[in-house]
Amino acid sequence: MSHHGRAGAKVHGFVNPPVHRGSTVLFPDCESRKAAAKQRYEQVLTYGTAGGPTHHMLEDMIAEIEGGTRALIVGTGLAAVMVPLLAYLKAGEHCLMPDSVYGPARNLADGLMKGWGIETTYYDPTVDEAGMRALLRPNTKVVYTESPGSHTFEVQDIPALARAAHAAGAKVLMDNTWGFYNFQPFEHGVDVSIQALTKYAGGHSDVLLGSVAVNTPEDWTVVKTAASQLGQFASPDDCWLCLRGLRTLPVRLREQAEAGLVVARWLEGRPEVLRLLHPALPSHPQHALYARDFAAPCSLFGVVLQPRYSEADAEAVCDNLALFGIGASWGGYESLALPTAPSITRTARDPGLGGPAIRIHIGLENTEDLIADLAQALDRLPR
Ligand SMILES: *Cc1c(COP(=O)(O)O)cnc(C)c1O
């Protein structure tokens, strides 16, 4: 993490590489330009949209972290969701998506993809291998996964789903943002791993970026062709900020995840709380799957209040917090709290949370201060 993707002697010994901005790439003669163009999709500089040295350093680093052979950098996490979906699906084909999928991915499936004649079925994220086999159709080309699920944190049995999908000739795409650095997608049967680098990779709430990692030359050509036809590009300045964020990822992630567990365990003991939605807690329904597949958690989880409380009460808790910001996204150094019920859309199965829920992201503040802040906000709820 700290030595990968560094330019060394090429930058006069400075620790960090410079930012390379550029559109036009000049060649000494036409012959060398033709030779470069033949090496399509390699890390050869032909024109700015194909990426430059700053992109390539970040691509190498993400491929290393995800455990794949190549990675592609795009402008947002949502672009990283879009590129492989559009790359592997065409009119008349079928896509399976977990009911707990990140909301904007659902919007894409129900919006543009539907208009282009691609059908999507939403499935219960906790489905087992036989259940997945029953959902697959002859024209199913993509089994999309996201584990744990957005807002509700169901852990999926990725290897089982991948076995069923591959037996039916479908590709397995996974939004691995929650498991970044801690879940090795290609060891669990995933073909294409999607990251919102906006989250812990950037780590400072100042970058929007996404990545698509693959593990075969064939998949690389498919996703790179789609990204290039779709004009996907990321700013080199953002790539540079992300590279810089990644240098401290392991310590940030470890510190935040540990603090997150302390806060989650404390919340679990509070009388206002019905249950926690945290895969690393033994009380989580799919804790065994989490323990089998993930090396560690991150610091994003949910808390469900007792059924006697309303969504307005959940909002009041968030409003009364002083150290937690109210806002979208996560993975930065600051703690966040967000009532989640309004953002939960389900068409396959009611997640049955049992009460109003709040999504918590733990940052790098003092853990005792965060707990004291949560305590005073919960104390103000009606008894
Ligand atoms: C944030 C997020 C995205 C999208 O990332 P953006 O950079 O905000 O577009 C995709 N998937 C998950 C799970 C996310 O949390």
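Atoms within each ligand, like the ligands themselves, are counted from 1 in listed order. Just the heavy atoms: all of them, side chains too, but no hydrogens, waters or symmetry mates, feed the values below.
No donor-acceptor contact under 3.5 angstrom links the side chains of Glu119 and Asn139, judged on distance only. For the residue pair Arg40/Ser228, the side-chain donor-acceptor check at 3.5 Å is not satisfied. With 3.5 Å as the limit, one finds a donor-acceptor pair spanning the side chains of Ser335 and Glu365.
For Tyr123, there are no ring pair (Phe, Tyr, Trp, His ring centres under 6.0 Å) partners two or more places apart in sequence or in a different chain.
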Nitrogen or oxygen contacts under 3.5 Å, ligand 1 side and protein side:
from, atom 1, to, atom 2, distance (Å)
ligand 1, 7 (O), Gly77, N, 2.8
ligand 1, 7 (O), Thr198, OG1, 2.6
ligand 1, 9 (O), Gly77, N, 3.2
ligand 1, 9 (O), Leu78, N, 2.9
ligand 1, 11 (N), Asp175, OD2, 2.6
ligand 1, 15 (O), Lys199, NZ, 2.5
ligand 1, 15 (O), Trp330, NE1, 3.2

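Taking the six-membered ring for Trp, Phe183 and Trp178 have ring centres at least 6.0 Å apart.
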**Request:** Please step through salt bridge (charged side-chain N to carboxylate O under 4.0 Å, His left out) for the pair Glu42 and Lys224, ending with a clear verdict.
**Result:** CA-CA 10 Å; Glu42 296 313 311; Lys224 183 71 186 171; over 6 Å; no
